[in-house]
Number of protein chains: 2
Amino acid sequence: MTQKATLADVAAVAGVSKMTASRALRGAPEVSQLSRDRVQQAAAQIGYVANPLAASLSSKRTQLVGVVVPSLTNTVFAEMLTGIVETIEGSGLQPVFGVTNYNPDTELDVLRNMLSWRPAGLIVTGLDHPEAAKILLRQSEQTLVQVMDVDGTAIGNCVGISHTQAGAEMARTLLASGARKIGYVNCTQIFDIRATKRLDGFRGALRDAGLEITAIQTSDTPSSAPAGRAQTRQLMQEHPDLDAIYYSNDDLAAGGLFHCLAQGICVPKGVILAGFNGLEFSESLPAQIVTTRTPRREIGQIAAQMVLDGDTDKCVQLMPQIVYLGG
Amino acid sequence: MTQKATLADVAAVAGVSKMTASRALRGAPEVSQLSRDRVQQAAAQIGYVANPLAASLSSKRTQLVGVVVPSLTNTVFAEMLTGIVETIEGSGLQPVFGVTNYNPDTELDVLRNMLSWRPAGLIVTGLDHPEAAKILLRQSEQTLVQVMDVDGTAIGNCVGISHTQAGAEMARTLLASGARKIGYVNCTQIFDIRATKRLDGFRGALRDAGLEITAIQTSDTPSSAPAGRAQTRQLMQEHPDLDAIYYSNDDLAAGGLFHCLAQGICVPKGVILAGFNGLEFSESLPAQIVTTRTPRREIGQIAAQMVLDGDTDKCVQLMPQIVYLGG
DNA sequence: ACCGGTATCGATACCGTTACCGATACCACA
DNA sequence: TGTGGTATCGGTAACGGTATCGATACCGGT
């Protein structure tokens with residue numbers, strides 16, 4: 001009881017060799033029904049728990065899937081993780097998470113650490129990594145999936161959306177609603193490359209219409225609804241005549257909406273607020289915002305499926321959707 | 001390049017034995033400065049990456065910390081995870097997450113799976129587990145920390161808050177504000193034992209004042225702001241004269257607030273809304289709600305520290321705080 | 001009765017690392 | 001010069017499994 005039961009113990013109790021016990025427990029075909037039953041019973045009897053470390057070392061294969069995300073508190077990544085977890089569930093694969101905090105140095109560390117486990121698959125966020133990380137990823141042998149973003153060159157498999165296109169589409173949507181004086185709000189405490197791509201696409205589409213962003217309100221606080229509220233207050237104070245405000249995500253946009261509600265500014269009549277992600281809570285907001293619904297859960301599912309299938313060069317571009325939430 | 005470099009390769013290049021190489025890389029004291037340098041240089045030169053599987057198998061120790069949470073999309077757990085991650089960072093420990101979806105059967109599976117890795121530490125959510133899980137936990141040898149809840153009997157270490165007390169305190173707060181007709185809103189799609197404890201405490205304190213909950217609005221949808229909005233609508237339709245509504249969490253409460261705002265109901269003048277957790281976004285809501293701020297990040301930090309320190313029977317009860325957010 | 005084939009099993013050699021203990025060298029000191 | 005102690009190293013045996021291949025038994029067909 002004090003010492004864990006080992007395969008040898010199971011084999012001894014079952015009266016077979018270690019190999020037969022191993023095969024029986026793994027469901028290998030070359031075991032007689034009799035031995036199989038005996039082994040399973042013996043294992044149950046002494047409470048045997050397989051040791052995946054030893055198995056991995058011996059077989060030179062692991063059942064690990066490394067998942068590297070920038071943040072856990074961001075619902076978007078949490079939902080992607082959920083997609084991954086629910087897809088690999090029951091496959092015998094084990095997800096291992098790493099968090100980079102949007103920091104390239106941390107990302108490199110996390111990646112190195114992840115790779116040291118020699119995972120069967122690796123799912124990393126984004127296409128943009130520090131050069132050293134790219135080298136690591138290229139050298140490594142396992143199934144690689146880069147998620148969330150398709151704007152750039154993938155090293156391995158790839159699932160996501162085009163943030164550049166998403167930004168452009170939002171610009172066109174706002175323009176179509178008649179907006180001409182448009183503000184932009186973001187947070188730069190962390191360097192969010194995908195938000196930057198959206199901004200680029202947004203700007204490009206405005207320029208195609210002969211327009212520029214009227215004002216940009218940036219802060220180096222973490223992105224959150226309170227930050228969105230504070231920044232919107234400041235932005236609208238300096239530019240009371242904006243037709244629309246594009247936020248780098250729904251949290252900021254919700255904060256912006258809260259500011260408007262508190263000030264009695266009518267949304268979207270007085271000003272259109274645009275976010276990104278289409279988070280669930282946005283659906284219940286008391287006024288309507290426009291946002292881009294991202295299929296993050298599906299991205300997680302597809303990425304996990306790619307790992308399961310051992311794909312190597314697959315690339316799936318998902319199409320986000322402009323939606324009007326709340327009201 | 002195709003085959004990973006092993007410790008033997010490092011040793012060969014450095015001109016020492018495997019043992020010396022191993023010791024040098026681990027920073028063991030019984031290595032001369034000369035050998036140490038040579039080994040480190042050799043390792044860097046051939047790009048050696050240590051294999052934690054082999055190390056763990058050989059040393060019978062792992063650097064793994066298993067973390068079992070009910071959900072990843074719930075910000076509360078994500079923030080606790082953040083606390084854990086930031087605390088064990090740099091200690092050489094590796095967090096491994098498991099998600100139970102509030103399902104006891106899943107919890108047992110996840111736990112079994114977690115334990116099979118023989119982690120150095122295990123952090124699980126709550127004090128209430130299926131009986132089989134409790135047995136597993138009691139038998140296992142590693143540092144165990146049960147987090148979030150202190151209402152009950154801990155198996156190992158324990159850090160959290162008393163949800164019963166939190167519920168009672170909220171009841172007293174609402175009573176002190178003059179509320180007499182009080183509604184309660186929750187979601188039961190998942191069985192949230194801690195929410196139940198809060199409700200018990202809440203009810204108890206009301207009874208102490210000779211009162212009962214006026215109406216309970218339950219739904220079996222997942223807990224979210226949209227659910228909160230829908231349920232509040234229904235509840236207020238049937239009971240338009242409520243003084244206050246207690247929600248099982250801030251998401252629902254925010255949804256409730258959105259309903260009131262959309263209906264032009266004044267909060268908190270017309271009705272007091274009470275949530276739980278004190279999420280960051282609640283701070284920016286355009287009207288004031290009352291909630292219980294929970295120290296979930298700190299809980300994660302303390303739990304991780306307990307694992308690092310190898311504590312066995314420590315129990316830390318943190319004190320939540322009633323706060324007024326938004327407005 | 002002999003043969004080839006299939007089903008079932010076991011012995012052995014690892015996987016890459018660390019624990020353990022013995023070996024060696026070198027030093028100060030008697 | 002011998003002796004004991006310390007610092008540094010290496011050989012060997014694990015750790016708990018799996019891959020591989022050879023051994024055995026048993027089958028049907030001729």
Side-chain angles (χ1 to χ4, degrees), chain A residues 2-40 42-43 46-64 92 94 113 115-120 141, chain B residues 2-40 42-43 46-64 92 94 113 115-120 141:
Chain A
T2 81
Q3 207 59 323
K4 296 262 186 225
T6 139
L7 188 59
D9 302 329
V10 178
V13 172
V16 296
S17 75
K18 261 170 55 178
M19 268 321 299
T20 304
S22 168
R23 284 194 268 248
L25 292 173
R26 276 177 300 150
E30 60 268 83
V31 189
S32 68
Q33 195 55 49
L34 181 68
S35 306
R36 195 183 302 277
D37 292 344
R38 269 215 275 258
V39 169
Q40 264 152 9
I46 65 178
Y48 170 72
V49 183
N51 186 336
L53 270 76
S56 299
L57 182 61
S58 176
S59 64
K60 299 173 147 189
R61 279 180 274 109
T62 65
Q63 56 275 64
L64 297 171
Q94 248 287 317
N113 190 35
L115 252 7
S116 78
W117 290 92
R118 284 142 237 231
E141 312 266 318
Chain B
T2 82
Q3 207 58 323
K4 295 265 188 224
T6 134
L7 190 58
D9 301 329
V10 177
V13 172
V16 298
S17 74
K18 267 169 48 178
M19 269 321 299
T20 305
S22 169
R23 284 193 269 246
L25 291 172
R26 278 178 297 149
E30 60 269 84
V31 189
S32 67
Q33 194 56 46
L34 181 68
S35 307
R36 193 182 302 276
D37 292 343
R38 268 215 276 261
V39 169
Q40 264 151 7
I46 63 178
Y48 170 71
V49 183
N51 187 334
L53 270 74
S56 298
L57 180 60
S58 178
S59 65
K60 299 173 144 188
R61 279 181 273 110
T62 66
Q63 56 275 65
L64 297 171
Q94 248 286 318
N113 190 35
L115 251 9
S116 78
W117 289 93
R118 282 135 236 235
E141 312 265 317

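Here is the naming used below: chain letters follow the sequence lines, and residue numbers restart at 1 for every chain.
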Taken to the nearest whole Å, CG/Leu34(A) to C1'/dT8(C) is 11 Å

Does Glu30(B) or Ser58(B) map to a spot on DNA chain D nearer the 5' end, using the closest nucleotide for each? Glu30(B)

Would you kindly give the CH2-to-P distance between Trp117(A) and dG16(C), to the nearest whole Å? 16 Å

What pair of heavy atoms forms the shortest contact from Val49(B) to Ser116(A), and how long is it? CG1-CB, 3.6 Å

In Å, rounded to the nearest 0.5 Å, how long is the span from CG of Leu53(A) to OG of Ser58(B)? 11.5 Å

Rounded to the nearest angstrom, tell me the gap between atom CE in Met19(B) and atom P in dA19(C). 7 Å

Choosing from dG10(D), dG16(D), dT18(D), which nucleotide comes nearest the side chain of Val16(B)? dG10(D)

Among the nucleotides dG11(D), dA19(C), dT18(D), whichever has the atom closest to the side chain of Arg26(B) is dA19(C)

When you measure from the side-chain N and O atoms of Ser32(A) to the phosphate of dC9(C), is any distance below 4.0 Å, counting only OP1 and OP2? yes

At under 4.0 Å between heavy atoms, what does Ser56(A) touch on the DNA or RNA strands: base, sugar-phosphate, or nothing? nothing

Which of the following nucleotides, dC9(D), dT8(C), dT17(C), is nearest to the side chain of Arg23(B)? dC9(D)

Heavy atoms, side chains only, cut-off 4.5 Å: are Tyr48(B) and Val13(B) in contact? no

Out of dG16(C), dG17(D), dG11(D), which has the shortest distance to the side chain of Ser17(B)? dG11(D)

With no hydrogens and no angle check, do the side chains of Arg26(B) and Ser22(B) hold a donor and an acceptor under 3.5 Å apart? yes

How close or far is atom C1' of dC14(C) from atom CG of Leu7(A), stated in whole angstroms? 16 Å

Take the C1' atoms of the five end pairs on each side of the helix from dA1(C)-dT30(D) to dA30(C)-dT1(D), get both axes, and report the angle to 10 degrees. 50°

Rounded to whole angstroms, how far apart are CG on Leu57(A) and P on dG17(D)? 12 Å

Check whether any side-chain heavy atom of Arg61(B) sits under 4.5 Å from a side-chain heavy atom of Ser56(B), and report yes or no. no

Can you figure out which of dT18(D), dT8(D), dG16(D) approaches the side chain of Lys60(B) most closely? dG16(D)

Hey, what do you get for NZ (Lys4(B)) to CD (Glu141(A)), rounding to the nearest 0.5 Å? 6.5 Å

Side chain of Ser22(A), heavy atoms from C-beta onward: which of dT17(C), dT18(D), dG10(C) has the nearest atom to it? dT18(D)

Which nucleotide sits closest to the side chain of Lys18(A): dT18(C), dT18(D), dC9(C)? dT18(D)

Starting from P on dT17(C), measure out to CZ on Arg118(B) and report it in whole angstrom. 20 Å

Return no unless some side-chain N or O of Thr20(B) is found under 4.0 Å from OP1 or OP2 of dG10(D). yes

Could you tell me the separation between the CZ atom of Arg118(B) and the CG atom of Leu64(B), rounded to the nearest 0.5 Å? 11.5 Å

Residue pair Leu25(B) / Leu7(B), side-chain heavy-atom distance below 4.5 Å: yes

Have a look at Arg61(B) and say if it touches a base, only the backbone sugar-phosphate, or nothing, with a 4.0 Å heavy-atom cut-off. sugar-phosphate

Specify the separation, in whole Å, of atom CG of Leu53(A) and atom P of dT17(C). 13 Å

Assert: residue with more 5' nearest nucleotide on DNA chain D, out of Ala54(B) and Gln33(B), is Gln33(B)

For the side chain of Val31(A), starting at C-beta, report the closest nucleotide among dC9(C), dA19(D), dC9(D). dC9(C)

